[in-house]
Colleague: 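Next up is a structure, given as structure tokens.
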Amino acid sequence: MATPPAPRTTSPSKAGTKGVPRHHRRQQMLEAATEEFGAHGFAAASLPAIAARVGVTKTLLHQYFGTKEDLYLACLVPVGDRLLEAIRTAMGPDGTAPHTPLRVLDGIFTALEGRREAWFVLYDTSLPPGGEAARRAAAYWSAIDALAAGGTAELLRAAGSTDPLDADALKYVWRDLVATLVRWWVKHPEQTPAAMTRRCARLFAAAATLTDEGGAR
């Protein structure tokens with residue numbers, strides 16, 4: 001689900017580090033790293049480029065976070081936790097909250113606003129296989145997939161279908177749909193989370209109309 005690497009356009013921060021409190025400097029580094037990992041993927045991300053974004057040295061970056069994989073994990077965990085919480089809240093305690101698909105999308109858009117590239121940090125296919133980063137990312141994918149499976153199965157039951165293959169197919173459709181919508185959203189930064197949710201409501205309504213017309217024929 002990662003996007004192709006974009007041309008590198010690193011702009012050093014004008015703030016520098018002199019007089020910056022440690023926790024603020026650490027947050028600046030995390031924001032710069034999230035942008036870099038999101039834009040280029042783990043494999044192609046450059047630690048010197050991350051350091052340059054903040055106006056620090058690569059050595060200081062290592063002092064704060066350790067290895068490149070440690071830095072990635074420091075970016076991944078808040079992203080994964082935030083998205084999981086947003087999806088769980090949107091679905092409600094039993095996964096049957098009204099208008100659940102739109103609520104979930106709105107939760108995802110809201111959680112990513114201001115850090116949209118974080119989606120590609122979570123779904124990074126360039127992570128070294130077998131490492132801690134890949135393991136943690138896979139754990140988030142699995143948890144999100146489990147929520148999607150429960151939600152799509154509930155939608156089908158409400159429509160009168162209990163076929164497990166229907167539920168499995170719809171889970172895959174939903175997962176790819178969400179990823180596609182986020183990618184489109186990243187290319188349209190002027191679109192707010194609320195505007196995206198309204199757009200999705202219109203698209204769903206149009207799709208339902210097409211399906212009804214197809215069934216009538």
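Quick caveat, the model's predicted, so the values are computed rather than measured.
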Colleague: Could you go through Leu47 and His62, starting from their C-alpha distance and side-chain angles, then the distance that decides it, and tell me whether this counts as side-chain contact (heavy atoms from CB on, under 4.5 Å)?
Modeller: CA-CA 9 Å; Leu47 292 184; His62 281 301; 3.5 Å; yes
Colleague: Please determine, by modelled atom types, if Asp124 and Tyr72 share a side-chain donor-acceptor pair under 3.5 angstrom.
Modeller: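 Not at all, the side chains of Asp124 and Tyr72 share no donor-acceptor pair under 3.5 Å.
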Colleague: Return the CG to CZ distance between Leu60 and Arg25, rounded to the nearest 0.5 Å.
Modeller: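 If I round to the nearest 0.5 Å, the distance is 5.5 Å.
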Colleague: Measuring from atom CE of Met196 to atom CG of Asp106, what distance do you get when rounded to the nearest 0.5 angstrom?
Modeller: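 Met196 atom CE to Asp106 atom CG measures 10.5 Å (nearest 0.5 Å).
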Colleague: Does this structure show an ion pair linking Arg116 with Glu113, if we count only N-O contacts that are shorter than 4.0 Å?
Modeller: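 Glu113 and Arg116: salt-bridged.
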Colleague: Show your working on side-chain contact (heavy atoms from CB on, under 4.5 Å) between Trp185 and Leu181 and close with a plain yes or no.
Modeller: CA-CA 6 Å; Trp185 187 42; Leu181 287 169; over 6 Å; no
Colleague: Please check if Tyr172 and Leu170 belong to a single hydrophobic cluster, counting links between Ile, Leu, Val, Met, Phe, Trp and Tyr side chain heavy atoms closer than 4.5 Å.
Modeller: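 No; tracing contacts between hydrophobic side chains, which count when under 4.5 Å, never links both residues.
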Colleague: If I compare all heavy atoms of Ala111 with all of Ala86, which pair ends up nearest, and what's the gap?
Modeller: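 Nearest pair, atom of Ala111 first, then Ala86: CB-CB, 4.1 Å.
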Colleague: Got a second to check how far Arg53's CZ is from Thr34's OG1, nearest 0.5 Å?
Modeller: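 Arg53 CZ to Thr34 OG1: 10.0 Å, rounded to 0.5 Å.
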Colleague: Ignoring hydrogens, what is the shortest heavy-atom contact between Ala137 and Leu76? Give both atom names and the distance.
Modeller: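 Looks like N-CD2, 3.7 Å.
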Colleague: Indicate the atoms forming the closest heavy-atom contact of Lys171 with Ala149, along with that distance.
Modeller: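 Nearest heavy atoms, Lys171 then Ala149: CD-CB, 3.7 Å.
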Colleague: Once you round to the nearest 0.5 Å, how far does CD of Glu36 lie from CD of Glu117?
Modeller: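 That separation rounds to 11.0 Å.
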Colleague: Show the nearest heavy-atom pair for residues Ala133 and Leu127, with the distance to one decimal.
Modeller: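 In this case the closest contact between Ala133 and Leu127 is O-CD1, 3.9 Å.
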Colleague: Which of these passes side chain to side chain contact (heavy atoms under 4.5 Å, CB included) with Trp174: Asp145, Val104, Leu155?
Modeller: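 Result: among Asp145, Val104, Leu155, Val104 is the only option passing the side chain to side chain contact (heavy atoms under 4.5 Å, CB included) with Trp174.
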Colleague: If you define the side chain from C-beta out and look only at heavy atoms, does anything of Gln191 sit under 4.5 Å from Phe109?
Modeller: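 Answer no - side chains too far apart.
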Colleague: Do Leu156 and Phe204 share a hydrophobic cluster, counting only Ile, Leu, Val, Met, Phe, Trp and Tyr and linking them when any side-chain heavy atoms are less than 4.5 Å apart?
Modeller: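 No; tracing contacts between hydrophobic side chains, which count when under 4.5 Å, never links both residues.
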Colleague: So Leu83 and Trp119, do their side chains get closer than 4.5 Å, heavy atoms only?
Modeller: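 They are in side-chain contact.
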Colleague: Identify the heavy atoms of Ser161 and Asp166 that sit nearest to each other, and give their distance.
Modeller: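 Scanning both residues completely, I find the closest heavy atoms to be OG-OD2, 3.0 Å.
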Colleague: Flag yes if Ile108 and Val173 sit in one hydrophobic cluster, no otherwise; membership is Ile, Leu, Val, Met, Phe, Trp, Tyr, and two members link when side-chain heavy atoms are under 4.5 Å apart.
Modeller: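 The answer is no; the residues belong to distinct hydrophobic clusters.
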Colleague: For the residue pair Lys68 and Ala45, what are the closest heavy atoms and their distance?
Modeller: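 So the minimum-distance heavy-atom pair works out to NZ-O, 2.9 Å.
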Colleague: What's the spacing between Leu105 CG and Cys200 SG if we round to 0.5 Å?
Modeller: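 The SG atom of Cys200 is 5.0 Å from CG of Leu105, to the nearest 0.5 Å.
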Colleague: Once rounded to the nearest 0.5 Å, what's the spacing between atom OG1 of Thr67 and atom CG of Asp70?
Modeller: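 Here the rounded value is 3.0 Å.
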Colleague: State, with a plain yes or no, whether a side-chain heavy atom of Glu154 is found less than 4.5 Å away from one of Arg157.
Modeller: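 Contact flag for Glu154/Arg157 side chains = yes.
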Colleague: Check whether Phe120 forms a cation-pi arrangement with Arg183 (NZ or CZ under 6.0 Å from the six-membered ring centre, at most 45° off the ring normal).
Modeller: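 Output no; distance or angle outside limits.
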Colleague: Does this structure show an ion pair linking Glu85 with Arg88, if we count only N-O contacts that are shorter than 4.0 Å?
Modeller: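 Judged by the 4.0 Å cut-off on N to carboxylate O distance, Glu85 and Arg88 do not form a salt bridge.
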Colleague: Going through the checks in order, is the side-chain contact (heavy atoms from CB on, under 4.5 Å) test met by Tyr64 and Leu71?
Modeller: CA-CA 9 Å; Tyr64 269 72; Leu71 177 57; over 6 Å; no
Colleague: Just so I know, are the side chains of Thr152 and Asp168 near enough to count as touching, which here means a heavy-atom distance under 4.5 Å?
Modeller: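 No, side chains not in contact.
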Colleague: When the ring planes of His188 and Trp184 are compared, do they come out parallel, tilted or perpendicular, using 30° and 60° as the limits?
Modeller: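 Ring orientation of His188 relative to Trp184: parallel.
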